[in-house]
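Predicted, not measured: the structure shown is a model, and the values here were computed from it. Heavy atoms only: backbone and side chains are in, while hydrogens, waters and symmetry mates are out.
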Amino acid sequence: MTRTLRKSNKFNAISVGVTDAELIKAYKKGDTQALEIIMKKYEKPIYAYLLKMVRNADYANDLFQEIFLKFIKNIQSYNEEKKFANWIYTVAHNAVMDGFRKNKNRCFESLDRSNGEDSAPISETMDSKEPLPENILIKNEINKKIETAFEILSNEQREVFIMRHYWGLSFKEIAEILKVPIGTALARMSRALGRLKVEMGHIGEAV
Amino acid sequence: MTCKYSEKILLYFYGEMDNAQCKEIKEHLESCAECKKNLEVLRDVSGHLDSFKGNAPAHLIEGLIREARKREIWKFNVGNIFENIFSHWKVSASTLVFACLMFAVFFPFGADKDRLKWISNIDSDLDGLEYSMYEEYDFSLGEYGESVEDFEYENIDDEIESINKNRRIL
Ligand SMILES: [Zn+2]
């Protein structure tokens, strides 16, 4: 008990310099605080990805729990030498794609509109720290347009965009997770950008 | 027509190019309106994605930590027993062997009444044998006792007689 606590304090103090492998090793030995640190580290990229992909807060919450529960349940057989980021991102990608396959007949595009009462729409979770009051309107308008434009993208196109942005992975790493050649990953994003450009074409005129 | 640099613009924007490639793109951007526009859209979209907080609700993390702790407690209680057994395997193994031996010796006799009878027969036979040995021992003791008596008195008598004889001579 004392040993665990001492170790946890060590992680609190220098958690920035601690590698994922070290945190997982500590968690394997029973240090749940190490798990908390690793969850906090991957919370934002995973949750942002889920919310942007499924566009429904309740469903994103379920998937978020499912992904980390998989890690918690299988911790003893998890090999910490594997790159944790790639592992958890692959699990997240598979969870989302499985969900899309299972809910083929469900219209995901309408999800965030149909559940307005229970969960906050994505636009409400935007950063409220706006730079200048006169920019708020313009920024909101642009954000609204981009969000609408994002909706017309295919799941695959949107995913590459989100992975590259929120996960900070290189196109090569994204291609590995998607199990496609790097050229395919780049082509998907390029096409996505082309569609966004068309959708956002009249931003300047609208504001 | 899509510019052949459209994918390279992506690599350029996300910093996945070396210096020479960067220079090439910069030169291309001077002359290509399409790529320039693409880069502009990319910056807008990126800014939009940046403005997203993306924090999971606190109760999700708390719930997962609770679940992990619950598993730890179970692992500590049950897992520790196994861990102790395996870490002190020599002691555990010899204890097990001893327990099996005791079981093998006592359980069959305790379970079978006929065998128990057989055992008590042996016991009474042994008692009989012990008694006869006792008798045998007693008998030999008597014989031995006689010789002791002979030694005790005959020798003393002989000695007294020889003393008296000596006295008479004196
Ligand atoms: Zn170009």
Establish, yes or no, whether the cationic atom of A:Lys52 lies under 6.0 Å from the six-membered ring centre of B:Phe52 and within 45° of the ring axis. yes
Is the closest side-chain donor-acceptor distance between B:Tyr5 and B:Glu24 under 3.5 Å? yes
Quick one: of [options], who has the most non-hydrogen atom pairs under 4.5 Å with chain B?
{"options": "A:Asn61, A:Leu196, A:Ile75", "answer": "A:Asn61"}
{"options": "A:Phe161, A:Phe171, A:Phe68", "answer": "A:Phe171"}
{"options": "A:Lys172, A:His165, A:Lys44, A:Met39", "answer": "A:His165"}

State whether B:Glu16 and A:Arg164 are salt-bridged, where the test is any N-O pair (Lys NZ or Arg NE/NH1/NH2 against Asp/Glu carboxylate O) under 4.0 Å.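 Salt bridge: yes.
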I need the residue from B:Leu11, B:Leu42, B:Leu10 with the largest number of non-hydrogen atom pairs under 4.5 Å to chain A.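 Result: the option with the highest number of such pairs is B:Leu10.
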Closest-packed option against chain A by number of heavy-atom pairs under 4.5 Å, given B:Ser46, B:Gly63, B:Ser6: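 Max contact count across the listed options: B:Ser46.
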Where does A:Ala60 contact chain B at under 4.5 Å (heavy atoms): side chain, backbone, both or neither?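 For A:Ala60, neither part sits under 4.5 Å from chain B.
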Interface moiety of A:Tyr166 toward chain B, non-hydrogen atoms closer than 4.5 Å: side chain
Verify, without hydrogens or angle tests, whether A:Gln157 (side chain) and A:Arg188 (backbone) share a donor-acceptor contact under 3.5 angstrom.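 Judged by distance alone, no pair lies under 3.5 Å.
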Nearest-0.5 Å distance that lies between atom SG in B:Cys35 and atom CG in B:Leu29: 6.0 Å
With ring pair (Phe, Tyr, Trp, His ring centres under 6.0 Å) as the criterion, how do A:Tyr49 and A:Tyr89 come out once you've worked through the C-alpha distance, each side chain's angles and the decisive distance to 0.1 Å? CA-CA 9 Å; A:Tyr49 165 79; A:Tyr89 290 153; 8.0 Å; no
Tell me, side chain or backbone of B:Glu7 under 4.5 Å from chain A's heavy atoms, or both, or neither?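 It is both, since atoms from each part get that close.
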